[in-house]
Every structure is written in structure tokens, then in C-alpha cells.
Amino acid sequence: MPEQPDAANKSGSPSDSSIDPLIKAYIDAEIEKTREHESGRKKKWKNSWRSASPITKGSFYLAASIAVATIGNTIIAIRSLNLSRRSLVDVQRAVVSADTFTTARQLGKDGQIDGMQFTVGWKNSGTTATKNMVYWGNWRIEPFNTKIDKTFNFSDIWAPTGEKVPYTHGFATTQKPIPYYPIVIPRTVISAVVDEKIELVFWGRATYNDVFEDTGTGIHTSEYCLIVMGFDGVNPFDAKAESGTTYPRFLNCPVHNCHDDECRVN
């Protein structure tokens, strides 16, 4: 009866005792060579770096430094380009603001002064034209010596009728006044101003875009607010005055005279 394999060889593999001693010695030698080869490969990288010459190491460090510096310089260049572009836009952009405030006597059918025309002129003092510009103006009466503060109702609702002020769409070229229709104030209101019983408050807003594409500057906003407390020059009710001008005596409101971010704060 053939011998049963021992417990260590239940898988059917031949036991060491069944292998010829010369063959076993050959197999063990080959296994050892393989282990030494793998161990040598792992040590080779470590030893090659340790034994590398200062010039080789220096070259490696120099190449790495150049790569890092290149990335850093690229980031700086991109930031500088964005800053330069933004600076250029800030210099070349449109800048719209209230520019003039004028009055004119208005004759009625009876030849007498029946009111006064007040006109706030806008102007683009920038170096490029506007795009999508919309602007409007409004007014109301306040008791004499009224203090205007942040609670002031800076509204586009027309005071006399309670309706929305009609917006004016315009295009503002560079360094040019922007026409706007006059606001007519009745004679009775003007008389109360002359008698220092009331004050007139005028305010308005303009919104517009830059002509540049993809600048991210968004919509620009300009606001004005002023208080008329009286008049100088020619009597506002002198219908016979063929020359001379009636000048409004006014102060700027402490709020709503602003541009862009300032207007959002107000």
C-alpha cells in the first residue's frame, strides 16, 4: 500500500523528503537570488540619491525651484493683468453725475409769472459713453429748516399725483451735458419759499452700464438731493424783467449725493 502524504502535504505537493537533494539545493539558490535582486532594486534608488554628486542634486533643486517660481510668476502675472484691466476700466469708464441746477420764470396766459421751472442737468465726465442709461427727477415740499437724514423717502413716486415718475432713457457721450425736462413748481409754492415758510427738496437718480464687455462692473448709480431755501438775483415774480437770472439758494442734502457703493450705504 502506498504511503499517505503527511499533514504538511495534504494539498498534494511533494514533501521535502521526496525531492532529490540536488534539485532542492538548486531551487533554494534560485529563490535566494530573486530575494537579493528585489532587495537590491529597493536600495538602488536610495543609494543612487545618496551617492549623487552635488552638481546632480543642485540641478534637481534648481529645476524644482524654477518650476515653483514659474508657477508663482504666472499667478502674479494673472493678478497683475486683472488689476491692470480693472485700473484701465476705472480710468476709461463713464462717470455720470448731476452737473447743473438752473431756474427760469414761467409766464402764464395773463402775462404774469405763474410758476418757475427747475432743471437739474446731468453730465458724463468720463472718457467713454454710457450704455442703457435711465434717469429721473422728483420733488416735494418740506417745512422750513427741515433736517434731511437717512429716513428721507428717496422715491420715484411723483409727489403731486402719487404716480411713478416717468423714466427718461438716454445716451450720454463723453464730456457732454445730458438734457432733462424741467420740473414746474406753481407760483403759490414759490411764494411760500420766498416767505421762508417751506423748502423745496429736489432729488433724482441715474443708472447706466459701461460700454466695455465682460468687465463685471455691473450697473452704476448716481444720485443727487438738494434743498432750495430761497432765491437770489432777479425777483422770481418780476414778469417785466427782460434780462437777468433768478438763482436758487440751495444746499446739498447730507444723504443721497453719491455714486455706486456710497448710494447703497445711503
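Treat the numbers as computed from the prediction; the structure is a model and nothing was measured.
Within 6.0 Å of OH on Tyr247 lie no more than 12 heavy atoms contributed by other residues, nucleotides or ligands.
Cluster membership check: Val96 shares its hydrophobic cluster with Val134, using side-chain heavy-atom separations under 4.5 Å among Ile, Leu, Val, Met, Phe, Trp and Tyr. In this structure, Ile157 is not a member of the same hydrophobic cluster as Val201, with clusters built from ILVMFWY side-chain heavy atoms closer than 4.5 Å. Each of Val228 and Val184 belongs to its own hydrophobic cluster when Ile, Leu, Val, Met, Phe, Trp and Tyr are linked at side-chain heavy-atom distances under 4.5 angstrom.
Side-chain contact between Asp149 and Pro254 is absent, with no heavy atoms from C-beta onward closer than 4.5 Å. In this structure, His256 and Phe154 have side chains that are in contact, with non-hydrogen atoms separated by less than 4.5 Å. Between Val234 and Thr245 there is no side-chain heavy-atom pair separated by less than 4.5 Å. Between Ile219 and Asn209, the closest side-chain pair of non-hydrogen atoms falls below 4.5 Å. Residues Thr173 and Phe171 are in side-chain contact: their nearest non-hydrogen atoms beyond the backbone lie under 4.5 Å apart.
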### Query
What do the steps show when you test Cys225 against Phe152 for side-chain contact (heavy atoms from CB on, under 4.5 Å), and what is the final call?
CA-CA 10 Å; Cys225 177; Phe152 176 72; 4.2 Å; yes
### Message
With side-chain contact (heavy atoms from CB on, under 4.5 Å) as the criterion, how do Val211 and Thr130 come out once you've worked through the C-alpha distance, each side chain's angles and the decisive distance to 0.1 Å?
### Response
CA-CA 6 Å; Val211 294; Thr130 62; over 6 Å; no
### Query
Can you list the steps and then say if Phe202 with Ile185 is a side-chain contact (heavy atoms from CB on, under 4.5 Å)?
CA-CA 11 Å; Phe202 294 89; Ile185 306 300; 4.1 Å; yes
### Message
Checking Met133 against Asn124 for the side-chain contact (heavy atoms from CB on, under 4.5 Å) test, could you report, in this order, the C-alpha distance in whole Å, the side-chain angles of both residues, the deciding distance, and whether it holds?
### Response
CA-CA 11 Å; Met133 182 175 174; Asn124 176 13; over 6 Å; no
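Shown here are the side-chain contact (heavy atoms from CB on, under 4.5 Å) partners of Gln175, two or more places apart in sequence or in another chain: Lys123, Ser125.
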Please report, to 0.1 Å, the donor-acceptor pairs under 3.5 Å made by any side chain of residues 188-199, with sequence neighbours excluded.
from: Ser191; atom 1: OG; to: Arg187; atom 2: O; distance (Å): 3.1
from: Glu199; atom 1: OE2; to: Asn145; atom 2: N; distance (Å): 2.9

Check residues 112-121 and write down every donor-acceptor pair under 3.5 Å in which the side-chain atom is one partner and the other belongs to a residue at least two apart or another chain.
from: Gln117; atom 1: NE2; to: Gln106; atom 2: OE1; distance (Å): 2.9

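Taking the six-membered ring for Trp, Phe101 and Tyr224 have ring centres at least 6.0 Å apart.
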